Amino acid sequence: MTRMPRNGVFAGRRARAGASFLAVAVVLAATSVSVDLAVPGFASPVQRTVVGALSDVVEVVAVWGALPLGLLLLLTAGEPRAWRRWAAVLAAVAAPIAVQLTGVGDSPFLILLALAAAVGGYALIALGLSERRGVAGRPERVRVAVAVLAAAELAVVALGALHLLVWNPIATVPELSLAQIYAILVERYGVIDGGPFVWAFGATLATAAGSIVAIQGARRGIVTSHDVVTVGLLLIHATTFFLWWAGFALGLHLADAFAAVGGDVSSVGSLLALVGASCLAAAILIQLRRAPVRDDEQAEDLSGDGSGDEADPLRTAPTTSDSGGTEGASATVTP
């Protein structure tokens, strides 16, 4: 009797890989577009140059790396005939050229398309995590992964809070000190918007709670380092994604009170957006690793190939009811 493959959910493993790379391509390209829209508003020419260069790198990786690779894998899934292989190669070569020539890679429409790509990416991540359900993890590896990712998340929270509360107000109104800026905002609006504080508190609380759950789960053998890395990357992505919400009201107050342009004047928000998109891309792609064989699968393999009988050779020893035959004679002869 033939068992279903361990990765039967991903019977089209190549197709799953192609879909993963296509989702990554859209997410990275859309993030590059959104960052490019913010770059002209930065106060510092150096920041405009640095962020613009990093955004271009992300766009190149998306358009010339992830996009053709995703198409090639997706179109050659299964057992393709020769013509389909050639068509896949042509599509992989033509797609990035067409994107560059038509300007699709710079279209704001990609920002809307990225929402669908992110949803698909999260579905692929959930499916990848389900493959590894029941696989025992090593607690020491989990603790290291928790420490590294928690530190990275808290660094993102600290940078984001400084961006919203310090660097962006000073860059927006450079002729005033930070205390003077907040004094005018309090005089005009009565209170400082609490969005940045809610965002920072929520992200920190989620980090602490997730770390405790991960360490306790590792002790019980139900959480692996793969789970921690995946969830940690997603948490960083979610934290950077909601940064715009955290600073939206405060940015409007700054623009209204000081007749300034809307949007970020400091580049840190855009840098964190690039980091968050890269984390989501990494979380999607690490699900392409094959899941390890679980103990129950090993036990099923052993029970299905007759090894249980081999464990007891006496059970397979030949017997006969003919006591008079030579085979039935006792091995020990008493004189």
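Since the structure is predicted, the reported quantities are computational estimates derived from the model, not experimental observations.
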Contact summary for P40 and L37, nearest pair of heavy atoms
CD-O, 3.6 Å

When every non-hydrogen atom of T31 is compared with those of A273, the smallest separation belongs to CG2-O, 3.6 Å

Please report the shortest heavy-atom distance between L243 and G269, naming the atom on each side.
CD2-CA, 4.0 Å

Should T224 and D227 be marked as a side-chain hydrogen bond (donor to acceptor under 3.5 Å, both in side chains) after you check the CA-CA gap, both sets of side-chain angles, and the distance that decides it?
CA-CA 5 Å; T224 66; D227 301 331; 3.1 Å; yes

Heavy-atom side-chain contact between W167 and S267 under 4.5 Å
no

Nearest heavy-atom contact between G276 and T240 is CA-OG1, 3.2 Å

Residues pairing under ring-ring contact (aromatic ring centres under 6.0 Å, His included) where one sits in residues 246-286, two or more places apart or in two chains, turn out to be Y189-H253

Donor-acceptor pairs under 3.5 angstrom involving side-chain atoms of residues 100-129: please list them, not counting sequence neighbours.
residue : atom : partner : partner atom : Å
T102    : OG1  : A98     : O            : 2.6
S107    : OG   : F109    : N            : 3.2
Y122    : OH   : H237    : ND1          : 3.2

Is a side-chain N or O of N168 found less than 3.5 angstrom from the main chain of H163, in a donor-acceptor match?
no

Can you confirm whether Y182 is buried at OH, in the sense that more than 12 heavy atoms of other residues, nucleotides or ligands lie under 6.0 Å from that atom?
yes

Non-hydrogen side-chain atoms of V231 and L234 separated by less than 4.5 Å:
no

Approximate separation, where rounding is to 0.5 Å, of L288 CG and S20 OG
4.5 Å

So, for G78 and P80, which heavy atoms are closest and what is the spacing to 0.1 Å?
O-CD, 3.3 Å

S270 versus L274: any side-chain heavy-atom pair under 4.5 Å?
no

Is there a side chain to side chain contact (heavy atoms under 4.5 Å, CB included) between E131 and Q287 once you walk through the steps?
CA-CA 9 Å; E131 276 189 325; Q287 308 309 315; over 6 Å; no

Min side-chain heavy-atom separation P169-L178 under 4.5 Å:
yes

Pairs touching residues 45-92 that satisfy ring-ring contact (aromatic ring centres under 6.0 Å, His included), sequence neighbours left out
none

Listing, residues 140-151 side-chain donor-acceptor contacts under 3.5 Å, not counting sequence neighbours, or none:
residue : atom : partner : partner atom : Å
E140    : OE2  : R138    : NE           : 2.9
E140    : OE2  : R138    : NH2          : 3.0

Do V63 and L28 have side chains that get closer than 4.5 Å, going by heavy atoms?
no

Which residue pairs pass the salt bridge (charged side-chain N to carboxylate O under 4.0 Å, His left out) test with at least one member in residues 246-267, sequence neighbours excluded?
R188-D256

How long is the gap from CG on L72 to CG on L90, to the nearest 0.5 Å?
10.5 Å

Taking C-beta and beyond as the side chain, do V191 and L185 meet within less than 4.5 Å on heavy atoms?
no

Same cluster for L176 and L250 if Ile/Leu/Val/Met/Phe/Trp/Tyr side chains link at under 4.5 Å?
yes

If you group Ile, Leu, Val, Met, Phe, Trp and Tyr by side-chain heavy-atom gaps below 4.5 Å, do V33 and V58 land in one group?
no

With distance as the sole test, does R84 use its side chain to make a donor-acceptor pair with the main-chain N or O of L75 at under 3.5 Å?
yes

Mind checking whether V268 and W244 sit in one hydrophobic cluster, side chains of I, L, V, M, F, W, Y counted as touching below 4.5 Å?
yes

To the nearest 0.5 angstrom, please state how far the CG atom of L154 sits from the CG atom of L159.
11.0 Å

Between V186 and L164, is there shared hydrophobic-cluster membership here, with clusters defined by ILVMFWY side-chain heavy atoms closer than 4.5 Å?
yes

Please list all pairs passing the side-chain hydrogen bond (donor to acceptor under 3.5 Å, both in side chains) test where one or both residues lie in residues 145-156, with sequence neighbours left out.
E153-T239

If we ignore hydrogens and angles and just use 3.5 Å, is the side chain of S55 paired with the main-chain N or O of S32 as donor and acceptor?
yes

Would you say that F21 contacts I284 through its side chain, given a criterion of any heavy-atom pair below 4.5 Å between the two side chains?
no

Here the gap from I181 atom CD1 to I192 atom CD1, rounded to the nearest 0.5 Å, amounts to 10.5 Å

Separation between CG (D193) and CG (L252), nearest 0.5 Å, reads 9.0 Å

Please report the interatomic distance CG(L71) to OG1(T76), rounded to the nearest 0.5 Å.
10.0 Å

Least distance between heavy atoms, A25 atom then A66 atom
CB-CB, 3.7 Å

Check whether any side-chain heavy atom of F42 lies under 4.5 Å from a side-chain heavy atom of V265, and answer yes or no.
no

Can you hop from V61 to V39 via hydrophobic side chains spaced under 4.5 Å?
yes

